[in-house]
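These notes concern the structure reproduced below.
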Amino acid sequence: MIRMPRVVVWAALLLGWEVFARLTADGFVIAAPTEIAQYVWRNTGLLWRATGVTGWVALQGFVWGNLAGVMLALAAVLIPRAERGLLTLALLAFCLPLVATGPILRVLYGPGQGPQVTLAALSVVYTTFLSVLVGLRAVPQSWLDLARSYGRGPVTLLALVRLPAALPYLVAGLQIAAPAAFLGAMVGEFTGAERGLGVLTVRALRGLDLPATWAVALLAAALSMAAFAGIGALGRRLSLAPPEILLAAPDDARGRAGASIQGIAAVAVALAVWQGAMDAFDLPRFFARRPGDVWDYLVTAPEAGAHRANLLAALGETLTVALPGYGAGLLLGAGLAALLTLAPPLAALVLPVSVALRSIPIIATAPLIVWALGRGAAGSITVVAVMIFFPTLVACLHGLARAPRPLMDLFDSYDAGPLRRLWGVQLPAMLPAFFASARMAVPAAILAVTTAEWLATGRGIGALMATVASTSDYAMLWSAIAVIGLAALATHAGVAALERAVLRRTSPEQLAG
Amino acid sequence: MTPTTPIRREALTPTRREALVLGAAALLTPRLARAATPATLQLSWLHSVQFAGSYIAQSRGYWGDAGLDVTLLPGGPNAPVEPPVVAGTALVGISAADYTAAAVNQGAPFRIIGVAMQKNPFAIASLAANPVADPRDLIGRRIGMALANMPVLEALCALNDVDIAGIEVVPTQYDAAPLVQGQVDCLLCWATDLPVAMRMQGIDSTVMLLADHGYAVHSQTYIATQDSLANRRADLVALMKGEIRGWGDYHAGPEAAANLTVQMFPDAGLDLETQKLQAERQVPLMFSDLTDAQGFGWFTDDTVAANIETLALLGKPVSADLWDRSILEEVYGAG
Amino acid sequence: MTDPRALRLEGVAKRFGDGAGAIQAVAPCDVAIARGTTTALVGPSGCGKSTLLRMIAGLEAPTDGGILFGGETPDTLRRRAGLAMAFQDAALLPWLRLRGNVALGRKLARRVPDAAADDALIRLVGLAGFERRRPAELSGGMRQRAAIARALAGDPDLLLLDEPFGAVDELTRERLNAELAPLWDARGTTTLLVTHSVIEAVRLSDRVLVFSPRPARVVADIAVPLARPRHSSAALADLCEAVRAALRG
């Protein structure tokens, strides 16, 4: 009897969906639940096998990518001097557009699942790296003093203190990574695969087969939700209590001049890796242009001026969409996190939808968004916001849960009410996670906007890259990649500067770098 | 073109990259040792009846007969054909004259050694109720297409004296939804995919083939590097021999070819009826009086000259050197 | 007081920042503390006595002067786990149970694990029965007692306690005072204790150093020549009054 209302609600939702789908059938946008069920029923074997293939690829990518992310974070904490370099490299690797990496990976691996696994792994490294790095630093001064007072070095500190302290943040990172790995595996299949959910998606979209499109999308979403929930449950089983004390600043803050020298060094390292990796694998210059080729193309070639003008015009168009979308996505993520803190029951609705939006390839969701919002700026900004709000939401939720208990108790003791408590305790506690997600979102926003431009608006640097890739104009493609990388670094530096200014007052322990 | 555009430094000795690739490939796909020479054919899209001739060649052992062990590498939305062929991962790629011309202009050492689609499959599809049956019908209409294909529309307009300014171009994703939703009046697409999909959904469309309006661009062309032409001639001949036999069988029974495709790739999500219709619709693009007379894949100086003209309109100037008929001549001479 | 084994502070001073904005936290300070004794440091809040303790622990470098314990610098002492510190905020690791937190002291000090000894320490600080609780499930005072047990677990030569009983209730505090002092007397541990409580300072220690407001400077050095256990007595009350007088300046 108690369960009745929920059943009724679900039935009503399904019925509404069915009716709406039937009414808009001419639009070929929304599949009805009955059609989807019918498709699933008829193609159970096919879907099962495709899920197995893509799921296995996603799992491998998830494991390797998270392992790499954790290793990078450990290296950054153990060798603070290397941190900026590692961050830069990870950021740039995350920014690499699929049009550039896809063909290269396919050439490197040949047939098989290598490229898919690599792309799935690449799509999680950066977010996990940042999450774990924040966690490794989220350690109060007295814990550091404790280890130091026994004369123990950074390795012991890492093993006994920092790593366990970082576990909740790792859980958040893994939750963000689960749908991303799945999406990476599906998109990886676009580089030439025989089977999998990504293959089925492309096939269904081209075949105007709405039930198939929706069935695959829902399947991908359901699996990602299951992974998300599973990791969350695991985290709760580990009973990760919030810290009992406020976090404090380390005593070895370094100067800003050192930081900018590190930044320049990191860019130099990135260029060396670019050149070195391509040389090591002896990749043909035809499609694997080196830094020197890009320099020629943009600076010393006779038509360099025209090349630059083309590229910068496209970049300008892209930024006018990317920046509002970025802001909207961050606000949406943080706002939803705050809302869920005030009204926890909403989580049952908001989280699954969020995970779903993050795990369905944008080529499947973009038509829906374009249909609803049109091909103008609103549609593209929405695509960007949809792509980046999820990591922000998850990171902020975990950040909010990190609010120190004594302070919460203090506010409660004054009967301060949830809003004042949110403002006074939880939001400040959330800030490190928020800024970490703001930094995570920089490359994600760039990827999202370039994809939207490629699929929907046909403007900006995304469309430019698609065009030049199809005409083998790889000099322009790599120039675009370089410019995107620089834009990402600049945005990242801007966010980091803001972060420093704010956290210096709220969470000084995060400023070790 | 000058005969040498040295992109590969060491053509004959295995390079470091190849060694690494072989290592990676060995880890990922352990293969049995075979006597036949291995070769890879890079397809231009996901598996479908579009490449059924190759599937026939493989399943009936036509390549094995010629001493070749061919791996078919599927393409995809993000799998350009040119890089693996330049890199030597694939011996032959399925491209199109316009893509090949662009790549050659960027320094790729390609030659077209055979032409599967004599007529270019690019078409303008519109709803039967609001048809675009002639290039002049485009005036005042909204056309949905990838902006990357602007040169195609420009060439069509130039060939037919249509003022392109009168056409509203809407950048869209490559699927039929924008047309059936009424966001656009017509689509620039292949005659063999989106119109087939619409037909299967019960939507009638008018398909205007660009090739019927002066747009002469060889499609589904076989490309290989000059290096392969010099050093792996026997393999290229064997590969084309199998292709020609396979496509010959296809011509005799497109429906059987569709059946085979669906059987060979049960995980590709192919619908048999869709594949049959596509198989039927691509026959007139691939087989003509010319192929009846000279054989599948053939091209003449005249068709090449027509291609050079259209490619010039597309902003991809090439010379006749791009086409190399020596492999086909060897196949048919010996056959 | 020329025992080479003593804890010797020579001209130790600490300044934070430099130039006009510099803050002198600890004025140059010369103190020698005999081995095996217990010394209480008392002074007004924020006077710099905790900073002095952190310098002795080697957690902060003095701006001037030097510190030696038995001829060793704080850094060498730390490296051989010769000292242990109990922090004001207890600094228990929230993911470890009480037993794990106490065992951590032994682990950090590179001593052989000894569960029986850990349990004995837990009993000593009055937490028997709470071994499997996590810090979040303990009261503030219990956590501080756990931190003391952890500090003792490493069997240090020099024990530094930073307001260890701040959150401990009065009765428990008296009991602890009575039980802990003999313990470190028996072990020969040299103990330094920062406290706000005058009565505690006098009950626990052999000597009370009274500090001035910042910058910290020793304004009184009061020996406590009383036998243990120290119950309330006129002598004790007199000593307390002497310390209070020094604090008032």
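Numbered from 1 within each chain, the chains take letters A, B, ... in sequence-line order. All values derive from a computational prediction rather than experimental measurement.
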Response to the item:
Given A268(B), G182(B), A90(B), A101(B), the one with more heavy-atom pairs under 4.5 angstrom with chain A than any other is A268(B)
Worksheet item: How long is the gap from CZ on R199(B) to CG on L208(A), to the nearest 0.5 Å?
Response: 12.5 Å
Discussion item. Within a 6.0 Å radius of atom CZ on R281(B), are there more than 12 heavy atoms belonging to other residues, nucleotides or ligands?
Written reply: yes
Practice prompt. First locate atom CG of D209(A), then atom CD of Q201(B), and finally report the distance between them rounded to the nearest 0.5 Å.
Written response: 6.0 Å
Fill in: Under 4.5 Å from a heavy atom of chain A, the part of P151(B) involved
neither
Practice prompt. Check each atom of A193(A) against the heavy atoms of chain B and say whether the ones under 4.5 Å are side chain, backbone, both or neither.
Written response: backbone
Worksheet entry | Euclidean distance, F287(A) CZ relative to E82(B) CD, rounded to 0.5 Å | 11.0 Å
Worksheet entry | Q106(B) CD to R289(A) CZ distance, which is reported to the nearest 0.5 Å | 6.0 Å
Practice prompt. Taking atom CZ of R42(A) as the centre, report whether more than 12 heavy atoms of other residues, nucleotides or ligands fall under 6.0 Å from it.
Written response: no
Item to complete: Mind checking the CG-CZ spacing from L46(B) to R195(A)? Nearest 0.5 Å is all I need.
Response: 12.5 Å
Item to complete: Any chance you could lay out the side chain to side chain contact (heavy atoms under 4.5 Å, CB included) test for W45(B) and V202(A), step after step, and finish with the verdict?
Response: CA-CA 11 Å; W45(B) 190 244; V202(A) 175; 3.6 Å; yes
Worksheet item: For the residue pair A108(B) and F286(A), what are the closest heavy atoms and their distance?
Response: CB-CE1, 3.5 Å
Item to complete: Mind ranking C189(B), P178(B), A103(B), A146(B) by heavy-atom pairs under 4.5 Å with chain A and telling me who comes out on top?
Response: A103(B)
Worksheet item: For the atom pair CZ (R106(A)) and CG (L73(B)), what is the distance rounded to the nearest 0.5 Å?
Response: 6.0 Å
Worksheet item: Does any heavy atom of chain A fall under 4.5 Å from the side chain of V170(B), the backbone, both, or neither of them?
Response: side chain
Practice prompt. Could you go through the side chain to side chain contact (heavy atoms under 4.5 Å, CB included) check for Y99(B) and S470(A) one step at a time?
Written response: CA-CA 7 Å; Y99(B) 287 97; S470(A) 73; 3.9 Å; yes
Worksheet item: Non-hydrogen atoms of chain A under 4.5 Å away: do they reach the side chain of L43(B), the backbone, both or neither?
Response: neither
Practice prompt. Please report the closest heavy-atom contact between R203(A) and S48(B), naming both atoms and the distance.
Written response: NH1-CB, 4.0 Å
Practice prompt. Measure L200(A) against the heavy atoms of chain B and call it side chain, backbone, both or neither at under 4.5 Å.
Written response: side chain
Worksheet entry | Minimum heavy-atom distance Y474(A)-P83(B), with the two atoms named | OH-CG, 3.3 Å
Fill in: Closest heavy-atom pair and its distance - R49(A), P266(B)
NH2-O, 3.5 Å
Discussion item. Regarding D175(B) and R206(A), does a basic nitrogen lie under 4.0 Å from an acidic carboxylate oxygen?
Written reply: no
